[in-house]
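Notes to accompany the following structure.
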Amino acid sequence: MNLEGELREALRREPAPTDFTAKVLARVAVKKQRRVLALAMAAGLIAAVFIPPAASVYHRRQQAQEARRELLIALSITRTKLLQTQARLERAALRSTQGHTP
Amino acid sequence: MIKTPLLFALAFPLFAQQGFDFKTLDPLAANATDKTVVTLDADMLKMAANFIGSDPKDSASIKSLIGNLKAIYVREYEYARSGQYNQADLGPLRAYLSQPPWSKIVDSTEGKGKEISEVYMQPLPGNQLGGIAVISLEPKELTVVLINGVINMDDIGKLGGNMGIPDLHTLMDLKKPEDQKTKKKD
């Protein structure tokens with residue numbers, strides 16, 4: 001075969017296999033699935049790394065707020081009761097100086 | 001032979017210093033219409049102290065005051081009618097506070113024994129307290145406060161401005177005339 005014939009043979013138009021389109025689409029779909037899976041895994045990893053500490057910080061903040069609220073209530077009650085005691089003692093001292101019995 | 005009583009004698013003050021079991025006060029809550037229960041241990045107090053530091057509204061004195069505290073317990077019960085609590089339920093607490101290092105500094109009774117105020121302290125050298133406890137009884141209200149840990153009297157004084165807590169020295173000074181009166185009677 002001469003060169004011209006060989007070239008013609010090599011460049012001869014051949015019809016695509018019947019399942020060519022399906023195969024290409026399937027490979028594209030697999031690639032897409034892999035990408036989605038990789039993205040989902042990355043998102044999961046980020047969530048696993050960052051969400052628990054954030055939740056813990058939020059929980060601790062809530063606890064601290066509650067502790068602060070309880071502390072202020074406790075100090076307020078202590079204040080009220082000590083002032084009440086002071087007032088009672090003042091009344092008792094007054095009665096004592098006036099010579100009255102309680 | 002001698003070791004057992006000696007160990008007991010050594011251990012007794014340790015038992016006496018152990019914390020009070022506030023569950024013994026639970027019967028007082030049985031008929032209460034309103035309850036305020038505060039239990040803050042050292043960790044919670046530290047947490048609260050950190051939070052107070054970030055709030056400009058709160059005084060630095062409060063942070064300083066609670067810095068060395070081990071615990072704060074408050075039990076406040078309000079009743080619809082008088083006579084709905086039994087004073088005997090306070091027996092274990094009074095027994096605990098009657099032991100060293102606690103010292104009763106105020107015992108005030110008014111209204112024919114219906115209104116009682118008791119203040120206990122743990123005196124420490126250097127203008128400090130190891131703790132303070134308050135028992136306040138009224139016909140329809142009962143309050144118990146127990147604060148454990150080192151309290152600087154000056155810090156309490158500083159709180160006077162924004163918290164209105166009276167100077168504890170004043171309480172002790174006010175107690176004196178009544179003591180003298182009692183002594184005269186004797």
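The chains referred to below are lettered A, B, ... by the order of the sequence lines, with proteins before strands, and numbering in each begins at 1.
Looking at A/Leu71, both its backbone and its side chain come within 4.5 Å of chain B, counting heavy atoms on both sides. In this structure, chain A has a heavy atom under 4.5 Å from the side chain of B/Leu45, while its backbone stays farther away.
B/Val74 and A/Ile73 fall within the same hydrophobic cluster, defined by Ile, Leu, Val, Met, Phe, Trp and Tyr side-chain heavy atoms under 4.5 Å apart, directly or through other members. Placement of B/Leu137 and B/Tyr96 within a single hydrophobic cluster is found when ILVMFWY residues are connected by side-chain heavy-atom separations under 4.5 Å, directly or transitively. Under the 4.5 Å side-chain contact rule for hydrophobic residues, B/Phe20 and B/Leu142 share a cluster. In terms of hydrophobic clustering, with Ile, Leu, Val, Met, Phe, Trp and Tyr side chains grouped at heavy-atom distances under 4.5 Å, B/Val150 and A/Leu75 are assigned to different clusters. Linking ILVMFWY residues whenever their side-chain heavy atoms come closer than 4.5 Å, directly or via other members, leaves B/Leu124 and B/Ile105 in distinct clusters.
In this structure B/Ala133 satisfies the side-chain contact (heavy atoms from CB on, under 4.5 Å) test together with B/Leu97, B/Trp102, B/Tyr120, B/Leu146, sequence neighbours excluded. Taking B/Arg81 as the reference, B/Gln84 meet the side-chain contact (heavy atoms from CB on, under 4.5 Å) condition, with sequence neighbours excluded.
Side-chain contact check for A/Arg88 and B/Ser108: no donor-acceptor pair (N or O, by modelled atom type) lies under 3.5 Å.
Sorted by first then second residue, the side-chain hydrogen bond (donor to acceptor under 3.5 Å, both in side chains) pairs that include residues 67-79 of chain B, not counting sequence neighbours, are B/Thr39-B/Arg75, B/Glu76-B/Thr143.
Inspection of non-hydrogen atoms places A/Arg60, A/Arg61, A/Gln63, A/Ala64, A/Gln65 of residues 56-65 of chain A under 4.5 Å from chain B.
Rounding to the nearest 0.5 Å places CD of B/Glu115 at 11.0 Å from OG1 of A/Thr85. One finds the CG atom of B/Leu40 at 13.0 Å from the CZ atom of A/Arg68 (value rounded to the nearest 0.5 Å).
Residues B/Thr36 and A/Ile77 form a side-chain contact, since some pair of their non-hydrogen atoms from C-beta on lies under 4.5 Å apart. Side-chain atoms of A/Gln84 and B/Glu138, non-hydrogen and from C-beta on, do get closer than 4.5 Å to each other.
B/Lys104 NZ: more than 12 foreign heavy atoms inside a 6.0 Å radius.
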